[in-house]
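For the numbers below, each heavy atom of this structure counts, side chains included, while hydrogens, waters and symmetry mates do not.
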Amino acid sequence: AESFAKFRRLATLYATIKTHKEPMKPRFIAGGRNNTLELANTWLHRVLWMLKPEADAIFTETMRDIEAKELKGRFGRQLVESWIVNSSQDVVERVRAHNANNNHLRTGPAATAAERLRWSNLRGSRPTQSGVHDFSSLYTTFDHQVVRNCLERLLTRIFNKNRLPSGAEPLLVVRRSKSRDGDEDREEKKWQAGEMRPTTNVRSYSREQIVELLNFILDNAFVMVGGELLRQESGIPMGYGSSPMIANLVLALLEIEGIEGIIQDAKSPDGTVISTAQGDTPNTPETRIQQFELAGRLSRCARMIDDVLFIDVSPEEQRWALKRIYKPDATGLNTTEECVSPQRVMHLDMEILEDHLGLYTTLYDKRDALAEKGKMGEVRRFPNVDSVLADSCKYGTYKGYLHRVHRVVMRRSRFAALAAQRAVEMWRQGYNARKLKSTAGSFVRYGYRPSTRARAMRLRVNILIDAGIERASKARA
C-alpha cells in the first residue's frame, strides 16, 4: 500500500489536534509533497486569487446605490471590499473603518446635521457588539454540489461583467513572473479574446475550464489512510493548495447573494411579510430603513476563510444573518459560536476591546489561555540564550515580535507596554538588556508609524524596560 501511494503520488491523510477547543478535536489534512493534484491545485489557486478583486467589486456594488440614496450620510467611509480578509492587518483596518463611521455620525463634515441626527436616533442606545463564529462543516460535510454551483454562479457573474466589446465572453489570462528585484513572485491577470499558448508561467482559462479544474480536484480527492484508499465526497479538502481560495470565493458568493436578498426583501411593498432579526414581520417604511442600515453594517464585517467576525452587530442579528446568508438547511454549512459580546471577543491573534475612543485591537495569544487552564506548560516565545544560533537570529525574534505587535495593537500605550514586557521576559532568561533596548530602539526608529511619534515612543519603551528590569532585579534579590 505504501509503495502504491508513493508510485501514484497520492496524498496521505493525517491529523493535528486542536488543543484550544473544548473538547479537543482533530483537524484532518490531506498532505504530501508532489502529489498528483499539486499542479492542478497550484493553478486553480492562482486563478481564484486573481478573481478575488472581482468578487470584492461585485460585493461592493450590492450596497452602492442603497448607500448613495436610502443610507445617505450613514457611513463616512465607502465600502471597498467584501468580507474576505487575508491578515490581521486587514481586520485592524475594518475596526478603524468602524470607528471612522461612528465619528462621522458625531462630527463628520460629509453628513448634514439632519442626517447625523436621523442616524443617531435610529441607532438609539444600542451598544457596539461583536462576535466570532466558526464553520464546523466547511471541510467535512459541505456538499460538493453546492461548492460547484456556487463557484459556477460567481464565475458567471465575473465573466459577464468583463465581456468583450463584441459581447463575447473573454478568457482569463494569468501570468506569473518575478518582481524587479527578483525576490518575490508576482501574478497578473488580463482579459482577452484569443487563447494563449500555455507556458510554465502563463495560462489562459475560459469560465468552463475553471469549473472543469474545480471538478477535477473534487472528483479526485483521493487519500491513503493506512493501507486503505479513500475519496473525500463532501467538504472542501483541507491541505490542498487551492482549498483556501475555493472556500473564500464560494462563501463570498453566498455573502453577496445574502446581502442582496436582505436588500430585495426591504424593497418589497409595505405589508409584505419579510424575515428580520426580530422575526417575520410586515414591511413598513421604518422596517425598510432598519433593514437597509443592517445590510450596511453587515457588509462591513470580515471573514478569514472559515472564521466570521461581526463588527457592530448584535448577537441576535449575528445569528439571524448566519442563517440568512449561509442557509445551513440547504447547504449543510453549520457554524459554531466562538465568542460574542459582552464576553471577550478574540479573532485570529487579537482581542477586540472598546474604550472611550471606540473599538481597538490588542494582541491575543491562545497559548497563554491554554497555560492558564493547565493545558500547556511553560510557553516559550524565543530561543534559549545559550543556543548556538547567532545573536542576530536570537534578538531578531524580538524585532519580529515588535513587527507583529505594531500591526495588531491599536493603542500606543499598549504597544509600549508589550514591547517592554517581552524585553524584560527575555532579560530574565539571560538576554542582554543593552542589546534588547538597542533592538527595540532600532525598530521604533525605522519601523514605527506614524514616524512623527517614533522618538517619543522610543523614549517611552526604554523607560518601561528599565523600570521592568529594576522591579525584576529587586524581586530576584
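- With sequence neighbours left out, T452 forms a side chain to side chain contact (heavy atoms under 4.5 Å, CB included) with P450.
- Under the 4.0 Å criterion applied to side-chain N and carboxylate O atoms, R153 and E257 are assigned as salt-bridge partners.
- Counting heavy atoms from C-beta on, the side chains of R414 and Y360 never come closer than 4.5 Å.
- A donor-acceptor pair under 3.5 Å is formed between the side chain of H406 and the backbone N or O of R449.
- One finds no salt bridge joining D143 and R148 here, because no Lys/Arg side-chain nitrogen approaches an Asp/Glu carboxylate oxygen to under 4.0 Å.
- The 12-atom threshold is not exceeded at NZ of K72, counting heavy atoms of other residues, nucleotides or ligands nearer than 6.0 Å.
- Taking T62 as the reference, I256, I259, E260 meet the side chain to side chain contact (heavy atoms under 4.5 Å, CB included) condition, with sequence neighbours excluded.
- The aromatic rings of F135 and Y326 sit perpendicular, their planes meeting at an angle over 60°, well past the 30° parallel limit.
- Atom CZ of R445 has 12 or fewer heavy atoms from other residues, nucleotides or ligands within 6.0 Å.
- Interatomic distance, CD of E187 versus CH2 of W49, reported as 9.0 Å (0.5 Å rounding).
- Here F75 and H104 keep their ring centres 6.0 angstrom or further from each other.
- Side-chain contact of S82 with D56: a donor-acceptor pair under 3.5 Å is present, judged by distance alone.
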Check against salt bridge (Lys or Arg N to Asp or Glu O under 4.0 Å), D355 and R411 = CA-CA 10 Å; D355 60 14; R411 294 291 183 260; 2.9 Å; yes
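- Inter-residue side-chain proximity for N248 and I305 is flagged as met; some heavy-atom pair is nearer than 4.5 Å.
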Verdict with reasoning, T276 to R324, per side-chain hydrogen bond (donor to acceptor under 3.5 Å, both in side chains) = CA-CA 9 Å; T276 71; R324 179 64 195 258; over 6 Å; no
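- A salt bridge is absent between R428 and E425; no separation between the charged side-chain nitrogens and carboxylate oxygens falls under 4.0 Å.
- A donor-acceptor pair is defined here as one N or O able to donate and one able to accept, closer than 3.5 Å; such a pair exists between the side chain of E115 and the backbone of T112.
- Contact annotation: the side chain of N162 approaches that of E54 to within less than 4.5 Å [non-hydrogen atoms, C-beta and beyond].
- If you check the side chains of Q290 and T287, you find no donor sitting under 3.5 Å from an acceptor.
- The OG1 atom of T156 sits 9.5 Å away from the CG atom of L151 when rounded to the nearest 0.5 Å.
- Side chains of N103 and R106: a donor on one and an acceptor on the other come within 3.5 Å.
- Atom CG of L353 sits about 10.0 Å away from atom CE of M346, to the nearest 0.5 Å.
- Looking at T331, its side chain does come within 3.5 Å of a backbone N or O of K327 through a donor-acceptor pair.
- Residue W191 qualifies as enclosed at atom CH2: its count of foreign heavy atoms under 6.0 Å is above 12.
- The heavy-atom pair separating C150 from L254 by the smallest distance is SG-CD2, 3.8 Å.
- In summary, the side chains of S314 and R319 do not present any donor paired with an acceptor at a separation below 3.5 Å, with no hydrogens or angles considered.
- The cationic group of R46 lies under 6.0 Å from the six-membered ring centre of W43 and within 45° of the ring axis, placing it in a cation-pi geometry.
- With hydrogens and angles disregarded, no donor-acceptor distance shorter than 3.5 Å links the side chain of R207 to the backbone of L155.
- Side-chain contact check for E81 versus D90: every heavy-atom pair is 4.5 Å or farther apart.
- In this structure, E188 does not pair ionically with R176, as no charged nitrogen and carboxylate oxygen lie closer than 4.0 Å.
- The local environment of CZ in R163 is crowded, with over 12 non-hydrogen atoms from other residues, nucleotides or ligands closer than 6.0 Å.
- When atom types are taken as modelled, the side chain of K394 and the backbone of V385 share a donor-acceptor pair closer than 3.5 angstrom.
- Taking CG from L253 and CD1 from I58, the interatomic distance works out to 8.5 Å, rounded to the nearest 0.5 Å.
- By the 4.5 Å heavy-atom criterion applied to side chains, Y448 and L402 are not counted as neighbours.
- From C339, atom SG reaches atom CD1 of I352 across 8.0 Å, with rounding to the nearest 0.5 Å.
- A donor-acceptor distance shorter than 3.5 angstrom exists from the side chain of S137 to the backbone of N334, with no hydrogens or angles considered.
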Criterion salt bridge (Lys or Arg N to Asp or Glu O under 4.0 Å) on E317 and R297, from CA distance to verdict | CA-CA 10 Å; E317 291 169 337; R297 285 187 284 120; 3.1 Å; yes
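- For the residue pair S120 and L105, the shortest heavy atom distance occurs at OG-O, 4.1 Å.
- Taken from CD1 in I311 to OG1 in T128, the straight-line distance is 10.5 Å, to the nearest 0.5 Å.
- Both tests pass for R380 against the ring of F382: distance under 6.0 Å to the centre and angle within 45° of the axis.
- Judged by distance alone, with hydrogens and angles left aside, the side-chain atoms of N99 form a donor-acceptor pair with the main-chain N or O of L359 at under 3.5 Å.
- The main-chain N or O of S268 is never found under 3.5 Å from a side-chain atom of T272 such that the two would form a donor-acceptor pair.
- Heavy atoms from other residues, nucleotides or ligands lying under 6.0 Å from NZ of K161 number more than 12.
- Residues T397 and P383 form a side-chain contact, since some pair of their non-hydrogen atoms from C-beta on lies under 4.5 Å apart.
- At a threshold of 4.0 Å, the pair R77-E67 does not count as salt-bridged, since none of the basic side-chain nitrogens sits closer than that to a carboxylate oxygen.
- Across Y139 and A247, no two heavy atoms sit closer than the pair OH-CB, 4.5 Å.
- Comment: R94 does not engage D312 in a salt bridge, judged by the lack of any side-chain N to carboxylate O separation of less than 4.0 angstrom.
- The shortest distance between side-chain heavy atoms of M410 and T362 does not fall below 4.5 Å.
- Counting all heavy atoms, side chain and backbone alike, Q291 lies closest to S275 at NE2-O, 3.6 Å.
- Within 6.0 Å of the CD atom in Q78, the count of heavy atoms belonging to other residues, nucleotides or ligands does not exceed 12.
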Would you please test Y364 and H347 for ring pair (Phe, Tyr, Trp, His ring centres under 6.0 Å) and show each step?
-> CA-CA 8 Å; Y364 169 73; H347 183 58; over 10 Å; no
Could you walk me through whether Y431 and Y395 pass ring pair (Phe, Tyr, Trp, His ring centres under 6.0 Å), step by step?
-> CA-CA 8 Å; Y431 279 77; Y395 287 89; 5.1 Å; yes
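- In terms of modelled atom types and a separation under 3.5 Å, the side chain of Q318 and the main chain of V313 share a donor-acceptor contact.
- The main-chain N or O of K399 is never found under 3.5 Å from a side-chain atom of T439 such that the two would form a donor-acceptor pair.
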How far apart are the C-alpha atoms of D349 and K366, what are their side-chain angles, what is the distance that settles it, and do they pass the salt bridge (Lys or Arg N to Asp or Glu O under 4.0 Å) test?
-> CA-CA 8 Å; D349 61 343; K366 291 178 181 177; over 6 Å; no
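- Ring centroid separation for the pair H45 and Y240 does not come in under the 6.0 Å cut-off.
- Look at E293 and R74 and you find a salt bridge, because one of the NZ, NE, NH1 or NH2 atoms lies within 4.0 Å of a carboxylate O, short of that distance.
- The side chain to side chain contact (heavy atoms under 4.5 Å, CB included) test applied to D365 returns R367, D368, R381, not counting sequence neighbours.
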